[in-house]
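Below is a structure I'd like to ask you about.
Lettering follows sequence order; numbering is per chain, from 1.
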Number of protein chains: 2
Amino acid sequence: MVEGPVTDEAVRPAGQVRRARVGRILKAAERLFAANGFEGTTTADIAALAKLPKANVYYYFPTKEKLYLAVLDRILDLWLGEADIWIVPSRGPREALTNYIRAKIDLAREHPEASRIYASELLRGAPHLTGYLHITLRNRVMVLGKVIDGWVAQGLMHPVDPVHLLSCIWAMTQTYADFAVQIAAISGKMTLDDDVFVRATHIVTRMVTAAFVVEAG
Amino acid sequence: MVEGPVTDEAVRPAGQVRRARVGRILKAAERLFAANGFEGTTTADIAALAKLPKANVYYYFPTKEKLYLAVLDRILDLWLGEADIWIVPSRGPREALTNYIRAKIDLAREHPEASRIYASELLRGAPHLTGYLHITLRNRVMVLGKVIDGWVAQGLMHPVDPVHLLSCIWAMTQTYADFAVQIAAISGKMTLDDDVFVRATHIVTRMVTAAFVVEAG
DNA sequence: GTCTATATAGCGATAGAC
DNA sequence: GTCTATCGCTATATAGAC
C-alpha cells in the first residue's frame, strides 16, 4: 500500500519470463499431445521439448491434466474464431459457404496439431468438452442454422438439415489435418503439399454448392 | 504316435476354450482401446471386462502391443470388406456410389468402436499401418480410381480426382462414428438414432452425386 | 493350461536446497 | 522463482504353484 509502482516493477519482468516459459510449455505440450495423446505423453517429454526442468513445468501447471486443459482452451479459441463470420444472411449462400470452407481448410492446414487434439478428445467421448459441445457449439450451430434456413426460405438453397451440412463440412475439412497420413499414402506423397489443399478446397466447395445452392438466374 | 485321434481329441476341446477366450479378450480390448486409447487402457481393465485373470490375458497375448495389433488386424479385415464391390464399371456411377456410401455408413453405425480405433491410429501418424496404407489401401484406391476415370471418360461423371473423392466420402461417413458425440450434442440428442443415419446417407449421397454424376438423358 | 503373487520400471508429483 | 533429488504408485510382465 506504500508505493503503487513497486509491485508493478517487481512483478512485470518476472511476468515476462513467466509468459515466455508458459508459452514454450504450451507449444511443446500441444505438439506432443497431438502426436501421442494424453496418456502417451509424459511430463518429462514436455519439459525436454520445452528445454526446461520437469519441476519447472509443475511450477506453472500444478498437474498434467491442468496443462492439457490449458492446451485445449487455446484450441477452442481457434475453433470459435473467424470462419463463422462468413455465414451471414447478407451474403448469398454460394459466397458464404465458399469462404467458410476455405477458412476451415486453411485452419486444417495451419493448425493440424490442434485439429488432432480436438479429434482425439471427441474420439474419447469428449469428457472435457461437454460444456463446449452442448452449449457453446450448439448455440453456434443454431445461429448458423437460422441463416441457412433463411436462405432456404428465400429459395436460394435447397432444403437441408444444417446439423448434417455442417457436420459434413467439418468432417471433410478436418480430414486433411487429422488423417493427413492416409491421404498422403494413397496419393503416393510423403506429405500434403499446397496442391492438395487447393484441390481439397475446390472439391469440398463443389460438393456443397452443387448439392444445395440453387442456380442463379 | 500310438493312436491318431488321441492328439485331436486332446487338442480340440482345449482349442475351443482358447478360441472362446481369445474372442472375449479381443472384444473387451476393442471396446477399451476405442474408449481410452492404447496407453489409456490397462491389461487389468481388459482382463476384468473379459472376466479373466490378468495373467491369462498374457498367456494368449505375450504383450499388450501384440494384443493391440490383433485387434487392429480384425479391423482392417472389416475395412477391406464388402463396400468396394459396388464400385465396378458395369454399374453406373450413380448406383455404384449410392450403394458404396450406404455400405460405409452402415459400417460406421455397426462398428463405431472399430472406426474409432482406426481413427486413433491415423491421428498418431499410423505407426502400425504403414504397410496397409502404402500398399494395400493404395492399390485399392488405384483400382477404384481406374473405374472412376472410366466413367469420366464415358461422360457419365464430371472430372474428379478419385483420391479426394474417396477421402471426402470416408471423412463424411466415418464422422458419424468417430465424432458421434459432437453430432449428438449439436442435435440436442443423447445418442445417434436411426433417423440420423438415414439422413446422413441421403445428404452424403446427394452431395457426391450432385457434384459429380452427370444427369441422365 | 490356468492363476496367484510379485519383480521391475517408469511416471506423476513434491520436498527442500538455492 | 528455479531446479535437484526422490518419493510413492501404478502398470507391464513373469515366476512358479496348482
Side-chain angles (χ1 to χ4, degrees), chain A residues 6-33 35-72 120 124 127-128, chain B residues 6-26 28-72 120 124 127-128:
Chain A
V6 166
T7 47
D8 252 330
E9 279 160 13
V11 165
R12 205 184 285 140
Q16 288 185 5
V17 171
R18 166 177 282 265
R19 259 223 309 272
R21 296 201 174 170
V22 165
R24 284 231 304 279
I25 293 168
L26 286 170
K27 198 176 156 191
E30 182 172 316
R31 288 262 296 268
L32 291 168
F33 285 140
N36 312 313
F38 179 76
E39 287 92 352
T41 301
T42 69
T43 53
D45 291 343
I46 295 169
L49 188 60
K51 293 185 178 162
L52 288 171
K54 189 172 66 162
N56 208 317
V57 171
Y58 277 96
Y59 175 69
Y60 292 112
F61 297 95
T63 66
K64 185 185 170 187
E65 185 168 17
K66 286 265 170 60
L67 170 53
Y68 177 73
L69 291 175
V71 170
L72 212 49
S120 258
R124 304 294 188 80
H128 301 101
Chain B
V6 165
T7 48
D8 250 330
E9 279 159 13
V11 165
R12 205 183 285 140
Q16 289 184 5
V17 171
R18 164 177 285 263
R19 260 223 307 274
R21 295 201 174 169
V22 165
R24 285 231 303 278
I25 293 168
L26 287 171
E30 182 173 316
R31 289 261 297 266
L32 291 168
F33 284 141
N36 312 314
F38 179 75
E39 287 92 353
T41 302
T42 69
T43 52
D45 291 342
I46 295 169
L49 188 60
K51 292 185 179 164
L52 287 171
K54 188 172 63 165
N56 208 318
V57 171
Y58 278 97
Y59 175 70
Y60 292 113
F61 298 94
T63 66
K64 184 185 169 186
E65 185 168 17
K66 287 264 169 63
L67 170 53
Y68 177 72
L69 291 174
V71 170
L72 212 48
S120 259
R124 305 292 188 82
H128 301 101

Checklist entry - Salt bridge check: are A/Lys64 and A/Glu39 linked by an N-O gap of less than 4.0 Å? => result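 The answer is no: the pair does not qualify as a salt bridge.
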Checklist entry - Do any side-chain nitrogens or oxygens of B/Thr42 fall under 4.0 Å of OP1 or OP2 in D/dA11? => result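 Looking at the OP1 and OP2 atoms of D/dA11, neither is under 4.0 Å from any side-chain N or O of B/Thr42.
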Item to check | Side-chain N,O (B/Tyr60) to OP1/OP2 (C/dT2) below 4.0 Å | outcome: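 So the side chain of B/Tyr60 is within the cut-off, an N or O lying under 4.0 Å from OP1 or OP2 of C/dT2.
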Checklist entry - To the nearest angstrom, how far is B/Lys54 atom NZ from D/dT10 atom P? => result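 Nearest whole value for this atom pair: 12 Å.
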Checklist entry - Any idea which of D/dC3, C/dA13, D/dT2 is nearest the A/Thr63 side chain? => result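 The listed nucleotide nearest to A/Thr63's side chain is C/dA13.
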Checklist entry - Is B/Thr43 near enough to D/dA11 that one of its side-chain N or O atoms lies under 4.0 angstrom from OP1 or OP2? => result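 So the side chain of B/Thr43 is outside the cut-off, no N or O lying under 4.0 Å from OP1 or OP2 of D/dA11.
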Next on the checklist: What's the separation between atom CZ in A/Phe33 and atom OG in A/Ser120, rounded to the nearest 0.5 Å?
Outcome noted: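 Taking CZ in A/Phe33 and OG in A/Ser120, the distance rounds to 11.0 Å.
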Checklist entry - When the distance from OH of A/Tyr68 to P of C/dA13 is rounded to whole Å, what number comes out? => result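 Taking OH of A/Tyr68 and P of C/dA13, I get 15 Å after rounding.
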Checklist entry - Rounded to the Å, how far apart are B/Leu67 CG and D/dT12 P? => result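 The distance from CG of B/Leu67 to P of D/dT12 comes to 11 Å, rounded to the nearest Å.
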Next on the checklist: Rounded to whole Å, how long is the line connecting atom CD1 of B/Ile25 with atom C1' of C/dT2?
Outcome noted: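 Going from CD1 in B/Ile25 over to C1' in C/dT2 covers 12 Å.
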Checklist entry - Rounded to the Å, how far apart are B/Asn56 CG and D/dT14 P? => result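 Between P of D/dT14 and CG of B/Asn56: 15 Å.
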Next on the checklist: I want to check something: taking the side chain as every heavy atom from C-beta on, are B/Tyr60 and B/Arg24 in contact at a cut-off of under 4.5 Å?
Outcome noted: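 Of all side-chain heavy-atom pairs linking B/Arg24 with B/Tyr60, none is under 4.5 Å.
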Next on the checklist: Measuring to OP1 and OP2 of D/dG1, would you say a side-chain N or O of A/Arg21 lies under 4.0 angstrom away?
Outcome noted: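 So the side-chain polar atoms of A/Arg21 never come under 4.0 Å of the phosphate oxygens OP1 or OP2 of D/dG1.
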Next on the checklist: I'd like to check the side chain to side chain donor-acceptor pair (under 3.5 Å) partners of A/Thr42; sequence neighbours left out, ordered by chain and number.
Outcome noted: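 Expected list: A/Asp45.
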Item to check | Rounded distance in Å - CD1 (A/Ile46) to C1' (C/dA13) | outcome: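 So the CD1-C1' distance, A/Ile46 to C/dA13, works out to 14 Å.
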Item to check | Spacing of B/Glu39 atom CD relative to C/dG12 atom P, expressed in whole Å | outcome: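 Rounding to the nearest Å, CD of B/Glu39 and P of C/dG12 are 11 Å apart.
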Checklist entry - Do A/Leu26 and A/Phe61 have side chains that get closer than 4.5 Å, going by heavy atoms? => result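 Contact flag for A/Leu26/A/Phe61 side chains = yes.
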Next on the checklist: In whole Å, I'd like the distance from the NZ atom of A/Lys64 to the C1' atom of C/dA13.
Outcome noted: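 Going from A/Lys64 (NZ) to C/dA13 (C1'), I get 12 Å.
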Item to check | Selected nucleotide, minimal atom distance to A/Ala55 side chain, candidates D/dT2, D/dT14, D/dC3 | outcome: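 Side chain of A/Ala55 sits closest to D/dC3.
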